Q: 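Here you go, one structure.
We use all heavy atoms of the structure for the numbers below, so side chains are in, but hydrogens, waters and symmetry mates are not. This one's a predicted model, so the numbers in the text were calculated from it and none came from an experiment. Sequence positions, counted from 1, serve as the residue numbers for this chain.
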Amino acid sequence: MTVRIGVVGAGGWMTSAHLPALLSHPDAQVVAVCDADAERCDRVARRFGIERVETDFHQLWEGGHRVDAVVVATPHATHHAVVAAALEAGVHVLVEKAMTTTAAQAWHLVDLAARHDRHLVVGYTYQHTATAAEVRRLVLSGEAGDVVQVVAEFSSGTERLFAGATGDDRGGGPADRLTYSAAGGGGQAHTQLTHLMGAVHWTLGRPSERVFAVMDRRGLDVDVVDSLVVTFEGGGSGVAASTGTLADGHHPRHRITWYGTRLVIEQDLLRASARVHGPSGTRSLAVPPSEPTYPVRAPARRFVDLVAGRGPNLGPAREAAWTVSLIEAAHASAASGQAEAVAREPQRDEKHRFTPTEKTTP
């Protein structure tokens, strides 16, 4: 089966990760590229040998054109409109993280995917390694025991991007305002913490319930340093810290420690490795030397496989919506100075539509 694909967004991640992955997949045919910047769109189309270019994403599936799927890598605040239109048109979607910038938008997309029976995948790269799969198995199977606490951290150097988006001296040069400003859905939570808590929710298999958050903007219009205390539905709690203040040359840390009543698992997301401590000693998990520790091309390649009827969805929209809901509640908590409830997953009626569900009280 050949999967006809249109790509929306012609920026750095699309050109460095998704397009090379799609063009090297034997079952994928990239038929069009779309970007609001016509000049950039033409440049990318020529570079990758793509015949059709569009500046309006609706044209990917209208006017007699046919695409089976789209890959969306545009600023966070634009995701909902693009993905909703594609799903309504009966098109499968891979969308970059963060899935959306509000819980209502995220759950609307989950609803649309269910109603139109389309695949909706969110591009969380860390979930595409054998180590991540084994850690998830240990947690979900109960082999680790009850997970009573999760300690997670994610450090990066994003502050210069957020600063550059507003012309601040710390930026070291201009950055894309559409991607990294408040209007575009920028900030440490939407750009970086989403990786961390996306992995936590996917591995744990349960959403967050309440959150108390402290966020420091460091004089910018978006959050740069985030600290969260979280409780999970079904029991257990966690702490998550994410900072964008790393200087050049400093090594980032993307780590999760799972404290179970039977096992303690120290997971290093960047290195795709883990140490599993149990009653019989410690064992190590790692990907084979031939496999990348950060498989940037895996989400797009596995998306093609999924649409073609092969393999699982390793970036499921439901878990991604849990993460959007948590981040929204964390921002509310940082503003109120109080613990806030995380929006619960809406209930579906007999037609698979979502109906509103009230938040639980903190």
Q: Between Glu266 and His277, do the side chains contain an N or O donor and an N or O acceptor separated by less than 3.5 Å?
A: yes
Q: Not counting sequence neighbours, which residues clear ring pair (Phe, Tyr, Trp, His ring centres under 6.0 Å) with His25? List them please.
A: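 Partners of His25 under the ring pair (Phe, Tyr, Trp, His ring centres under 6.0 Å) test: none.
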Q: I'd like to know if the side chain of Ser155 reaches the main chain of Arg253, judged simply by a donor and an acceptor atom lying under 3.5 Å from each other, with no hydrogens or angles considered.
A: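 Confirmed, Ser155 side chain pairs with Arg253 backbone.
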Q: May I ask you to decide if Val3's main-chain N or O and Asp68's side chain share a donor-acceptor pair within less than 3.5 Å?
A: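 A pair under 3.5 Å: no.
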Q: Are side-chain heavy atoms of Arg218 and Thr245 found at a separation under 4.5 Å?
A: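 When only atoms from C-beta onward are counted, Thr245 and Arg218 do touch, with a gap below 4.5 Å.
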Q: Can the ring centroids of His254 and His195 be said to lie less than 6.0 angstrom from one another?
A: no
Q: Calculate, to the nearest 0.5 Å, the distance between atoms CH2 and OG1 belonging to Trp13 and Thr74 respectively.
A: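 Output value for this atom pair is 15.0 Å.
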Q: Locate the shortest heavy-atom distance separating Leu263 from Gly278; write the atom from each residue and the value.
A: CD2-CA, 3.6 Å
Q: Closer than 3.5 angstrom, by distance alone: can the side chain of Arg4 be matched with the main-chain N or O of Gln29 as a donor-acceptor pair?
A: no
Q: At their closest point, which heavy atom of Ser24 faces which heavy atom of Arg301, and how far apart are they?
A: OG-NH1, 3.0 Å
Q: Hey, are the side chains of Tyr180 and Val222 touching, using non-hydrogen atoms and a 4.5 Å cut-off?
A: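 They are not in side-chain contact.
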Q: In the single-linkage hydrophobic clustering (I, L, V, M, F, W, Y; side-chain heavy atoms under 4.5 Å), do Val121 and Val8 co-cluster?
A: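 The answer is no; the residues belong to distinct hydrophobic clusters.
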Q: Looking at every non-hydrogen atom in both residues, tell me the closest pair between Val33 and Ile50 and how far apart they are.
A: N-CG2, 4.0 Å
Q: Arg262 side chain to Gly142 main-chain N or O, any donor-acceptor pair under 3.5 Å?
A: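 Flag set: sc Arg262 to bb Gly142 pair under 3.5 Å.
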Q: State, without any angle test, whether His201 and Thr323 hold a side-chain donor-acceptor pair at a distance under 3.5 Å.
A: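 Short answer, yes.
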Q: In terms of relative ring orientation, are Trp61 and Phe57 parallel, tilted or perpendicular, with 30° and 60° separating the classes?
A: tilted
Q: Dump the intermediate steps for side chain to side chain contact (heavy atoms under 4.5 Å, CB included) on Val307 and Phe303, then the final yes or no.
A: CA-CA 6 Å; Val307 174; Phe303 175 58; 3.8 Å; yes
Q: Please tell me whether Leu23 and Val7 are part of a single hydrophobic cluster in this structure, the criterion being side-chain heavy atoms less than 4.5 Å apart.
A: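 Shared cluster, yes.
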Q: Return the CZ to SG distance between Arg46 and Cys41, rounded to the nearest 0.5 Å.
A: 10.0 Å
Q: Hey, what's the ring geometry for Tyr126 with Phe154, parallel, tilted or perpendicular (30° and 60° as the breaks)?
A: perpendicular
Q: Hey, does Leu120 have a side-chain heavy atom less than 4.5 Å from the side chain of Met99?
A: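 In contact.
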Q: Please examine the side chains of Met14 and Glu96, heavy atoms only from C-beta on, and report whether any two atoms are closer than 4.5 Å.
A: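 Of all side-chain heavy-atom pairs linking Met14 with Glu96, none is under 4.5 Å.
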Q: Rounded at 0.5 Å granularity, tell me how far CD in Gln149 sits from OG1 in Thr261.
A: 13.5 Å
Q: Looking at side-chain heavy atoms only, is the closest gap between Val44 and Leu19 below 4.5 Å?
A: yes
Q: Hey, mind stepping through Leu109 and His80 against side chain to side chain contact (heavy atoms under 4.5 Å, CB included) and telling me if it holds?
A: CA-CA 7 Å; Leu109 296 184; His80 177 259; 3.7 Å; yes
Q: Do NZ/NE/NH1/NH2 and the carboxylate oxygens of Asp268 and Arg255 come within less than 4.0 Å?
A: yes
Q: How about Thr131 and Thr129: does a side-chain donor come under 3.5 Å of a side-chain acceptor?
A: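 Thr129 and Thr131 do not have a side-chain donor-acceptor pair below 3.5 Å.
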Q: Donor-acceptor pair, distance only, cut-off 3.5 Å: does the side chain of Arg206 make one with the backbone of Glu233?
A: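 Here the side-chain-to-backbone pair exists.
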Q: Is there a side-chain contact between Asp223 and His331 in this structure, where contact means two heavy atoms from C-beta onward sitting under 4.5 Å apart?
A: yes
Q: Looking only at the side chains, is there a donor atom on one of Glu345 and Ser325 sitting less than 3.5 Å from an acceptor on the other?
A: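 Per modelled atom types, Glu345 and Ser325 side chains form no pair under 3.5 Å.
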Q: Atom CZ of Arg52 and atom CG of Leu60: how far apart are they, to the nearest 0.5 Å?
A: 6.0 Å
Q: Are any non-hydrogen side-chain atoms of Thr179 and Pro75 less than 4.5 angstrom apart?
A: yes
Q: Hey, mind stepping through Ser242 and Gln192 against side chain to side chain donor-acceptor pair (under 3.5 Å) and telling me if it holds?
A: CA-CA 7 Å; Ser242 184; Gln192 305 286 268; over 6 Å; no
Q: Is Ile256 reachable from Leu270 through a run of hydrophobic residues whose side-chain heavy atoms are each under 4.5 Å from the next?
A: yes
Q: Test your reading of the model: is there a side-chain donor-acceptor pair from Thr293 to the backbone of Ala272, 3.5 Å cut-off?
A: no
Q: Are the side chain of His92 and the backbone N or O of His119 linked by a donor-acceptor pair below 3.5 Å?
A: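 Judged by distance alone, yes, a pair lies under 3.5 Å.
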Q: Do His116 and Glu88 pair up side chain to side chain, a donor and an acceptor below 3.5 Å, judged on atom types alone?
A: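 Short answer, yes.
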Q: Going hydrophobic residue to hydrophobic residue with side-chain gaps under 4.5 angstrom, can you get from Leu196 over to Met215?
A: no
Q: Quick one, Arg318 with Trp107, criterion side chain to side chain contact (heavy atoms under 4.5 Å, CB included). Give me CA distance, side-chain angles, the key distance, then yes/no.
A: CA-CA 8 Å; Arg318 183 180 182 223; Trp107 290 115; 4.2 Å; yes
Q: Within the distance-only criterion (no hydrogens, no angle test), does the side chain of Asp35 pair as donor or acceptor with the backbone N or O of Ala10 below 3.5 angstrom?
A: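 Pair found, side chain donor or acceptor close to backbone of Ala10.
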Q: List for me each residue that meets side-chain contact (heavy atoms from CB on, under 4.5 Å) alongside Pro288, sequence neighbours excluded, and say none if there are none.
A: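 Partners of Pro288 by the side-chain contact (heavy atoms from CB on, under 4.5 Å) criterion, ordered by chain and then number, come out as Ser290, Glu291.
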Q: Whether the side chain of Thr166 engages the backbone of Ala163 through a donor-acceptor N/O pair (distance < 3.5 Å, no angle test) should be reported.
A: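 A pair under 3.5 Å: yes.
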Q: Taking all non-hydrogen atoms of both residues, which atom of Val110 and which atom of Ala321 are closest, and how far apart?
A: CG2-CB, 4.1 Å
Q: If I compare all heavy atoms of Ala240 with all of Met197, which pair ends up nearest, and what's the gap?
A: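 Closest pair (atom of Ala240, atom of Met197, distance): CB-SD, 3.8 Å.
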Q: May I ask whether Val214 and Val239 are part of the same hydrophobic cluster, defined by side-chain heavy atoms of I, L, V, M, F, W, Y residues being less than 4.5 angstrom apart, directly or through others?
A: no
Q: Is it true that, when you exclude Asp146 itself, more than 12 heavy atoms of the residues, nucleotides or ligands shown sit nearer than 6.0 Å to its CG?
A: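 Open.
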Q: Are the side chains of Thr101 and His190 in touch, meaning some heavy atoms are under 4.5 Å apart?
A: yes
Q: Counting only N and O atoms by type, is there a donor-acceptor contact under 3.5 Å from the side chain of Glu328 to the main-chain atoms of Ala103?
A: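 Yes.
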Q: With rounding to the nearest 0.5 angstrom, report the CG to CH2 distance, Leu314 to Trp202.
A: 6.0 Å
Q: The test is side chain to side chain contact (heavy atoms under 4.5 Å, CB included); show your working for Thr2 and Asp27 and say whether it passes.
A: CA-CA 5 Å; Thr2 298; Asp27 296 330; 5.7 Å; no
Q: How long is the gap from NZ on Lys97 to OH on Tyr124, to the nearest 0.5 Å?
A: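 One gets 8.0 Å once the value is rounded to the nearest 0.5 Å.
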Q: Restricting to non-hydrogen atoms, name the atom on His18 and the atom on Ala73 that form the minimum distance, rounded to 0.1 Å.
A: CD2-CB, 4.4 Å
Q: Kindly check if the number of other-residue, nucleotide or ligand heavy atoms within 6.0 Å of CZ (Arg271) is above 12?
A: no
